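Worksheet: the structure to be examined is printed underneath.
Heavy-atom basis, side chains included; hydrogens, waters and symmetry copies ignored. Note that the structure is predicted; figures quoted are calculated from it, not measured.
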Amino acid sequence: MEALGTEWALDWIRRSAAVIAENKGELSALDRAIGDGDHGENLDRGFRAVIAKLEGASPETPGAVLKLVATTLISTVGGASGPLLGTAYLKGAQAAGDAPGLDGAAVVSLLTAARDGVVARGKAEPGDKTMVDAWTPAVDAATRALGGGGDASAVLEAAAIAAAAGAEATEPLIAHKGRASYLGERAIGHRDPGAQSSALQLRAAADAATGA
Amino acid sequence: MPVGIVFVSHSARIAAGIVDLAAQMAPSVPLVAAGGTDDGGIGTSYDRVVAAIAEADRGQGVLLIGDLGSAVLTAETAVDLLDESPAGGVRVLDVPIVEGGVAAAVAAESGADLDAVVRAASGESASDAPSGSGSSPSAETTVVLADPEGLHARPAAALVRLVAGFDARVTVNGADASSLLRIIALGLRHGEQVTVHAQGDHAGQVVDAVSALLAGRRA
C-alpha cells in the first residue's frame, strides 16, 4: 500500500482541470436549467488559472498543492461555487497538513474535512440539492472502504463511485439552497451542477491514484 | 474613528449606489463598495472584498453586508482567509443591504462600536444604555412633526445620531430611537403628534433636543 504523494495531488488537479474543460458545456447546460448558466465556464476559468499557477510554483506536499488550488479557485471562480469549492480544498489541505504522503486514513480525513468545510460555509444539508449531495455519500463510502481495510486508492474509488451516484440522485430533489431554491418544484428532474462537478473532481482523484 | 462598512453586491452599481445613499447620512464613515466581478461583470470578487476590508478598516472594526447568497459566502470566505484580521474585529451580515446598510452607517456615524453597528443593521436597538431602572429620571413630551416631507430617512438619521449623544433610552411613539429602521418604519407624516419619551440621566435634555428637532425649532 503506497501512500499518495505530491505527484498524485498534481495529477488529480490536472485531471480535474481536463475533465472540467471537457464537460464545461454540459455543466453550464445543467446550470441553465436551474441556476444562472455559468457553472461550467466559471469552473473552467478557475481550473485554467490553477494550472497556470502550478506551472510557476513547486508545491512540495499534497497539502501545499491543495492550498494553492483553494486560494486560486476562491479568487477566480466567483459565484457561490468559488467560495464553496475553495473552502473544500482549503479544509482538505489543512487536514493533509505537511505530510509528504497520504494513506487511506489520511485521505478519509481530507475528504471529511473538505465536506465539513462546504457544509459549514454553505449551511446546506444532504437532500438540499447541492454539492453536499455528492460530498456526503463520498465521505460515507470512503469511511466504509477504510473500515473494510481499503488503501488510499480503494478509499478514493469508493468515494468517486458514491459521489457520482449522489450527483445523479439530486435529479428528483427540490432545491433548498442556492439560486435553484427560487424555482421550487421546477427544479425537479434536473441534476445539480455543483454535485455533478464535485463528482467529476472526485473521479479525477481516484483515477490519479490508480493511473487509470 | 468610526466603524467601516463594506457593501458586497453582485452589481458594482448597486454597491456604489448604496455607498452614495449612506454617505449622505454618514459622511464621516468609511463606506466601501465591493461590487461586481474583477472584469466588471455580475458576480462577486474575493479580491475586491479583501481590498475593500483593508480600505474600510480604521481600527474600530469592519462590517460587511452582502446582497444575495453568494455575496455573503464570498464575504465570509474572505474574512476567514484574511492574513491579518482588522484589530477592531470584522463581521459579516446577511440583512437587507439597503435598509441594513443605511442603518449601520448611521449608527457608525454616531460613534457606535462594531457590536452596536451590527445590532442597528439587524434592526435591533443600537443603544446599550440600561433599559431604564425605576430609579433613573424620565421625561416625556408630545410635539407636532414639522417636516413637510414627514420623518423620512434623512431626518430619521439625524434623530438617531442626536439620540446617540445622550445617556438615556429614548422612544418615539414607542419605537426605539436608536434604531433607524424602527424610526423609519413608524412612517410619521407632517402634522402628526409625536410622543418622545426618555429614561436615563440625560432624559430631560434629550427630550428637549429631540422635540426641538421634530418640531423644527432650534434647541
query = Looking at B/Asp47, B/Val49, B/Val72, which makes the most heavy-atom pairs under 4.5 Å with chain A?
reply =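 Heavy-atom pairs under 4.5 Å are most numerous for B/Asp47.
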Any side-chain heavy atom of [X] within less than 4.5 Å of one from [Y]?
{"X": "B/Val62", "Y": "B/Ile5", "value": "no"}
{"X": "B/Pro30", "Y": "B/Pro2", "value": "yes"}
{"X": "A/Ile174", "Y": "A/Leu183", "value": "no"}
{"X": "B/Leu93", "Y": "B/Ser122", "value": "yes"}
{"X": "B/His190", "Y": "B/Glu149", "value": "no"}
{"X": "B/Arg91", "Y": "B/Asp115", "value": "yes"}

ask   = Above 12 or not: heavy atoms from other molecules or residues under 6.0 Å from CZ of B/Arg58?
value =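 Yes, CZ of B/Arg58 has more than 12 neighbouring heavy atoms, counting only those of other groups under 6.0 Å.
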Name the region of [X], side chain, backbone, both or neither, that has any atom closer than 4.5 Å to a heavy atom of chain A.
{"X": "B/Thr74", "answer": "both"}
{"X": "B/Leu81", "answer": "side chain"}
{"X": "B/Leu68", "answer": "side chain"}

task = Among residues two or more places apart or on two chains, list those pairs meeting salt bridge (Lys or Arg N to Asp or Glu O under 4.0 Å) that have a residue in residues 160-173 of chain A.
result =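 Counting only pairs at least two positions apart or across chains, the salt bridge (Lys or Arg N to Asp or Glu O under 4.0 Å) contacts touching residues 160-173 of chain A are A/Glu171-A/Arg191.
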Identify the residues of [range] whose heavy atoms come closer than 4.5 Å to a heavy atom of chain B, ordered by number, or report 'none'.
{"range": "residues 42-76 of chain A", "answer": "A/Ile74, A/Ser75"}
{"range": "residues 90-125 of chain A", "answer": "A/Leu90, A/Arg121, A/Gly122, A/Lys123"}
{"range": "residues 15-24 of chain A", "answer": "none"}

message = To the nearest 0.5 Å, what is the distance between CG on B/Asp80 and CG on B/Leu82?
response =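 Between B/Asp80 CG and B/Leu82 CG, I get 8.5 Å after rounding to 0.5 Å.
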task = I would like to know whether A/Arg203 and A/Asp207 meet salt bridge (Lys or Arg N to Asp or Glu O under 4.0 Å); could you show each step before the answer?
result = CA-CA 6 Å; A/Arg203 169 47 61 195; A/Asp207 288 351; 3.1 Å; yes
ask   = Counting N and O atoms only, with roles assigned by atom type, does the side chain of B/His10 sit under 3.5 Å from a partner on the main chain of B/Gly43, one being a donor and the other an acceptor?
value =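 No: the side chain of B/His10 does not pair with the backbone of B/Gly43.
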task = Indicate yes or no: does A/Asp140 engage A/Arg144 in a salt bridge with an N to O separation below 4.0 Å.
result =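 Salt bridge flag = no for A/Arg144 with A/Asp140.
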task = Step by step, work out the side-chain contact (heavy atoms from CB on, under 4.5 Å) result for B/Ile42 and B/Ser11.
result = CA-CA 5 Å; B/Ile42 293 289; B/Ser11 154; 4.1 Å; yes
task = Under 4.5 Å, counting heavy-atom pairs only, tell me which of A/Ser81, A/Ala80, A/Gly82 racks up the most with chain B.
result =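 Most pairs with chain B among the choices: A/Ala80.
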key: Passing option when A/Asp192 is tested against A/His39, A/Lys129, A/Lys177 for side chain to side chain contact (heavy atoms under 4.5 Å, CB included)   =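 The side chain to side chain contact (heavy atoms under 4.5 Å, CB included) with A/Asp192 is passed solely by A/Lys129 among A/His39, A/Lys129, A/Lys177.
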ask   = What's the shortest heavy-atom distance between B/Val90 and B/Ser85, and which atoms?
value =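 Residues B/Val90 and B/Ser85, closest heavy atoms: CG1-OG, 3.9 Å.
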